[in-house]
Amino acid sequence: MANKNNQNNNREKRGFFETIGGWCRRLFFGGANEYARESEEAKKKAATDDSEDIVSPGKQVVRKFFSRKLAVGALCVVIAMFILVIVGPMLMPKYTDSYTEVTQRSVPPGFNMMSVPSELKNDIKMIDSYGSFTVGLSNSGKVYVWGQGGISTTGLDMKDIPEEILNANIVMIAAGIDHAIAIDENGKIYGWGYNRFGQYGWSEEFESNPNIATMPLELYENGIDVSQIKKLACGNQCTAILMQDGTLYIWGNRHAYANLDSFLRGLKFKDISFTLNYVVAVPERGNGIYTGTRGLYEYARTNIGGEAVAMTDFLDGRKIESIVSTTTSICMVLDDGSVALTGDFTLDALPIPDLQEGEYFIPETIGAGTYHFSGITNLGNVYSWGRDTLNQASVPKNTDGATKLYVGAFQNYAVDDNDDLVAKWGLKGYLFGTDTYGADIFQRIINGGAMTMTVGAVAVIISSIIGIIIGCVSGYFGGKVDIALMRITEIVNAIPFLPFALILSAILSQVSMSSNMRILILMCILGVLTWTGLARLVRGQVLSSRESEYVAAAKAMGVKESRIAFKHILPNIMSVILVSLTLNFATCMLTEASFSYLGFGVPYPQPSWGNMLNGANNATVITNYWWQWVFTALFLSITTICINIVGDALRDVMDPKSNTKE
C-alpha cells in the first residue's frame, strides 16, 4: 500500500509532456519495467526513512516532548521558579521572616519613593517624611509630594495638595505618618491628609473627645509668629511646634503617644522629637531626656553596641543641646560637639563611624529616619548609621559638596549650598508592594516559594516511597499479600483527606513545638495520606510486567523475588512513576497552600504561599489592597499549572500507544 502511494505521488510530480511520454511507452512497450523501477525507488526511500526513525526510547521521549511548544514553555517556567526560590534568598541577605514596619503597611507596588520632582531638584528648601510619602518645599514657597500618598482605606491621597496651600507662600513643612503640616509666611497653619484624631486643624468635636489633644484654638484662628518657630515636627498622628522661648504646642492622638499629656503642662524645652510610642524632649531646666515617664532613656552610650552608662554619669556635667530620634533610639548632640546614643538598637545596626582627629558632626545636619541616623561632618563627609535593612544607611560615593542633609523614614537627600540635590539613597519602593505588617511581598514570595516547594517535594518523596513499596510488593506477590495490602490502601483512601488532615494538624498545633517541627509534621501528614493512588498505579503495572519473559528468565536463574520486583520490574515501570510524581508534586503544593491558607500549615512569620494568602483573607484586603493576594496567587497558580502541563506531556510522550504525530 505504501508503494502504491509513493507511485501515485511520483506521477503527480511529473510534468505534462513526461506524463504523455509515459503513456506512450506503456502503450507500445508495456508498463512492467516502469512500475518495477518506481517500486524499487519507493522501497529504497522507505528503507532510508525507517533508518532515520530508529532511535533509542529515551531520545524518542525527549524528541516528542520538545516538539510540544506548550510543554517546553511550561518546563522553562518551572525551572525558572525553582531557580528563583533557591537562588533568590541568597541574594537577599538582609531579609528576615519576622520583619515588620508599621510606617510601611499596605504600600502599593512602585519605585517612586525617592522620585524628587524635577522642578524641585535645584531649588530645595526643606524635605521631610515619616511614612510612605515625602513632602518637599522649594525656596519659592511651593509644596511638592512624592512617593505612595494613599492613606489606608480612607480614599485620601497626600498628593492631592489643597488649593489654598498651592496658592500660599509656604515657609515651613513637616510630614507625619498620615498627615502633613505647612505654615505660610503669615503664620497660618495648614494641614491635609487624615484628621480623624485632630492631627491638624481644630474642631469642636475634638474638644469633647478624651482621646484627642486638640490644637490650641489661638493657633487655629490667629496663626503663629513664624520668626519665633524653632522646630516643626510631625509624628504618628501627632504634631508639635517648638518656639524659640521654649514654649511647646502639641496636639493629636493621645493613644499614639501614651505620655502626650506630660507635654501639655506648660514646661519649657530646648528640643523635641517623636519615637514610635513616646514624645521625647530636652528640658530647659535639668539635664537628660524628658518623657514624663520614669525609667525611659536613663542610660546612654557612645556607640551602637557600646557599654550603657547611667545618663548622669555619662554626661558628667555636659549638656544635651539637641536630639533626633528613630522609632526606638535617640541621638543626642552634646555641648562639647560630640554625639551620643540612648535607647534600643538591634544587633545588626551599623555603629557610629570613627571620625578623624578634629572631625565632628555639624549639629544642624544630623537627621533621623525610622531606624537610622545620618549627618555631615565639618570635613564634608557624609555618614549614616543604624539599621540598613532597606539600604537607608548605604551612603553613595557621590556626596561631594553636600552641606545640608534631609533624612526621611528610609530615604536621605544630600543638598549643596546652591540648594541643588547632590545625592539620594535609601528605599526606592517595592516591586510587589507590602503586606499588612509592612513586609516586602516580593521577598516573602521568594522565601515562601522555597518553603512551599520544599514541603511539596518532601511530601512527594514520603508518599512515593510508601506507594512504590506497597504497590510493588502487592502486585508481584499477589494472593493474600495483595488482598491485605489493597484493603489497607482502600481504608486509607476512604479517609476524607482534607478534613482528617486539618483535624490532625489542629490537634498537633495545640502541642508545644518549634515551627520547624510543625513543618516537618506537616510534610509527614501530606506524605502519609497521599500514597494510595501511586500504590494502585504501581500494582497494576507490576501485575502486567511480572508475566514478561525477562521475569521468567530471572526466576529460572534463581534471582531472589525481592530483587526481581525492585531491580528488574520496577525500573521498567519508572516512566509511569515519574509522571505520577510530577503530578503529585503540584497536588502537594496546592494542599500545603490550602492548609496554610486555612491556618493549619506553615506558621507565621515563616512565609509560604498559603499563609501569605491567608493574610489577605478578608474583604478589606481583597477590595483595597489587591497586590497582597494577586501576586502570590499568580505565582502559586502558574507554578502548579505548569507542573501539571509538564506531567501531562510526559504521560503522553511516554505512552507507546500515543500518536507519534505532534
Side-chain angles (χ1 to χ4, degrees), residues 96 98-104 129-131 176-177 231 233-236 238 240 242 250 256-260 262-263 269-283 286-316 318-336 338-353 361 363 365-375 383-390 392-393 405 407-410 412 438:
T96 57
S98 59
Y99 176 82
T100 60
E101 178 46 50
V102 65
T103 66
Q104 300 292 305
S129 73
Y130 189 91
I177 193 171
K231 189 174 187 178
C234 292
N236 182 8
C238 196
L242 180 64
I250 188 168
Y257 296 100
N259 65 336
L260 182 60
S262 300
F263 291 83
F269 300 99
K270 292 194 291 185
D271 203 357
I272 187 172
S273 187
F274 294 99
T275 65
L276 182 61
N277 300 308
Y278 296 98
V279 185
V280 293
V282 181
N287 197 22
I289 302 297
Y290 177 81
T291 62
T293 304
R294 291 188 177 183
L296 292 175
Y297 307 110
E298 293 185 347
Y299 292 87
R301 66 196 78 194
T302 57
N303 213 325
I304 296 173
E307 182 181 358
V309 182
M311 183 68 75
T312 53
D313 295 336
F314 178 83
L315 294 176
D316 192 24
R318 295 178 296 178
K319 295 290 185 180
I320 303 173
E321 293 297 326
S322 62
I323 58 173
V324 291
S325 63
T326 65
T327 56
T328 59
S329 310
I330 302 171
C331 180
M332 305 173 291
V333 180
L334 307 182
D335 57 2
D336 63 355
S338 63
V339 297
L341 304 171
T342 182
D344 181 35
F345 289 93
T346 57
L347 296 177
D348 61 343
L350 301 175
I352 298 176
F361 283 104
T365 66
I366 298 178
T370 303
Y371 297 114
H372 77 291
F373 300 101
S374 296
Y383 297 100
S384 292
W385 65 95
R387 285 182 62 180
D388 193 32
T389 311
L390 300 174
Q392 65 268 35
L405 200 59
V407 184
F410 295 97
N412 305 266

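Note that these values count all heavy atoms, side chains included, but never hydrogens, waters or copies made by symmetry.
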Trainee: Roughly how far, to the nearest 0.5 Å, is the OG atom of S325 from the CG atom of L276?
Mentor: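 Spacing of CG (L276) from OG (S325) equals 10.0 Å.
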Trainee: To the nearest 0.5 angstrom, please state how far the CG atom of N303 sits from the CD1 atom of I352.
Mentor: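 Nearest 0.5 Å value for the CG-CD1 distance: 4.5 Å.
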Trainee: Is any side-chain heavy atom of H372 closer than 4.5 Å to one of L350?
Mentor: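 Sidechains of H372 and L350: no contact.
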Trainee: How long is the span from the CD1 atom in I289 to the CD atom in E298, to the nearest 0.5 Å?
Mentor: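 So the gap between those two atoms works out to 11.5 Å.
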Trainee: Answer yes or no: is there a side-chain heavy-atom contact under 4.5 Å between F373 and L341?
Mentor: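 Heavy-atom side-chain distance check passes, below 4.5 Å.
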Trainee: Test your reading of the model: is there a side-chain donor-acceptor pair from D271 to the backbone of V282, 3.5 Å cut-off?
Mentor: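 Looks like no, no N/O pair under 3.5 Å.
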Trainee: Starting at NZ of K231, measure out to CG of L242 and round the result to the nearest 0.5 Å.
Mentor: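 Separation between the atoms: 8.0 Å.
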Trainee: When you look at OH of Y278, are more than 12 heavy atoms from neighbouring residues, nucleotides or ligands closer to it than 6.0 Å?
Mentor: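 Not buried by this count: 12 neighbours or fewer within 6.0 Å.
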Trainee: Determine the minimum heavy-atom distance between I366 and V339, stating which atoms define it.
Mentor: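 Shortest heavy-atom contact: CD1-CG1, 3.8 Å.
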Trainee: Identify the heavy atoms of Y290 and P283 that sit nearest to each other, and give their distance.
Mentor: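 Y290 and P283 have their closest heavy atoms at CB-CD, 4.0 Å.
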Trainee: Under 6.0 Å between ring centres, would you say that holds for F263 and F269?
Mentor: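 Aromatic pair counts; centres sit under 6.0 Å.
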Trainee: Closer than 3.5 angstrom, by distance alone: can the side chain of N236 be matched with the main-chain N or O of A256 as a donor-acceptor pair?
Mentor: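 Not confirmed, N236 side chain does not pair with A256 backbone.
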Trainee: Which heavy-atom pair separates F410 from Q392 by the least distance, and what is that distance?
Mentor: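 Of all heavy-atom pairs spanning F410 and Q392, the closest is O-CB, 3.5 Å.
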Trainee: Any non-hydrogen side-chain atom of F361 less than 4.5 Å from a side-chain atom of P353?
Mentor: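 Side-chain contact under 4.5 Å: yes.
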Trainee: Specify the closest pair of heavy atoms between V407 and S374, including all atoms of both residues, with the distance to one decimal.
Mentor: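 The answer is CG2-CB, 3.7 Å.
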Trainee: For D316, check side chain to side chain contact (heavy atoms under 4.5 Å, CB included) against everything at least two apart and list the hits.
Mentor: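 Residues passing side chain to side chain contact (heavy atoms under 4.5 Å, CB included) with D316: none at all.
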Trainee: Between A300 and M332, what is the shortest heavy-atom contact and its length?
Mentor: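 Residues A300 and M332, closest heavy atoms: CB-CE, 3.9 Å.
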Trainee: Have T293 and N259 got a donor and an acceptor in their side chains that come within less than 3.5 Å?
Mentor: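 No.
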Trainee: Assess the pair Y299 and F314: is the distance between their ring centroids shorter than 6.0 Å?
Mentor: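 No, the ring of Y299 stays outside the 6.0 Å limit from the ring of F314, centre to centre.
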Trainee: Any heavy-atom pair between the side chains of C238 and L260 that's under 4.5 Å?
Mentor: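 Of all side-chain heavy-atom pairs linking C238 with L260, at least one is under 4.5 Å.
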Trainee: In Å and rounded to the nearest 0.5 Å, what is the CG to OG1 distance from L296 to T342?
Mentor: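 Answer rounded to 0.5 Å: 9.5 Å.
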Trainee: For L405, is there any backbone N or O sitting under 3.5 Å from a side-chain donor or acceptor partner on T365?
Mentor: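 The answer is no, because no donor-acceptor pair under 3.5 Å joins these two groups.
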Trainee: With a 4.5 Å limit on heavy-atom distance, are the side chains of F345 and T328 in contact?
Mentor: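 No, their side chains stay 4.5 Å or more apart.
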Trainee: Before giving the answer on side-chain contact (heavy atoms from CB on, under 4.5 Å), spell out for T275 and Y297 the whole-Å C-alpha distance, their side-chain angles and the decisive distance to 0.1 Å.
Mentor: CA-CA 12 Å; T275 65; Y297 307 110; 3.5 Å; yes
Trainee: Would you call L334 and I320 a side-chain contact if the rule is heavy atoms closer than 4.5 Å?
Mentor: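 Yes. Closest side-chain heavy atoms under 4.5 Å.
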Trainee: Indicate yes or no: at least one non-hydrogen side-chain atom of I272 is less than 4.5 angstrom from one of V279.
Mentor: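 The answer is yes, as the side chains (C-beta and beyond) meet within the 4.5 Å cut-off.
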Trainee: Taking the side chain from N412 and the backbone from A393, do they hold a donor-acceptor pair closer than 3.5 Å?
Mentor: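 Not confirmed, N412 side chain does not pair with A393 backbone.
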Trainee: The test is side-chain contact (heavy atoms from CB on, under 4.5 Å); show your working for S273 and I330 and say whether it passes.
Mentor: CA-CA 9 Å; S273 187; I330 302 171; over 6 Å; no
Trainee: What closest approach, in Å, do A409 and S129 show between heavy atoms, and which atom pair accounts for it?
Mentor: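 Smallest heavy-atom distance, with atoms named: N-OG, 3.0 Å.
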Trainee: Could I get the full list of side-chain hydrogen bond (donor to acceptor under 3.5 Å, both in side chains) partners for T389, not counting sequence neighbours?
Mentor: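 For T389 the side-chain hydrogen bond (donor to acceptor under 3.5 Å, both in side chains) partners, ignoring immediate neighbours, are R387.
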Trainee: Rounded to the nearest 0.5 Å, what separation is found between the OH atom of Y130 and the OG1 atom of T370?
Mentor: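 Answer for the OH-OG1 pair, Y130 versus T370, is 7.0 Å.
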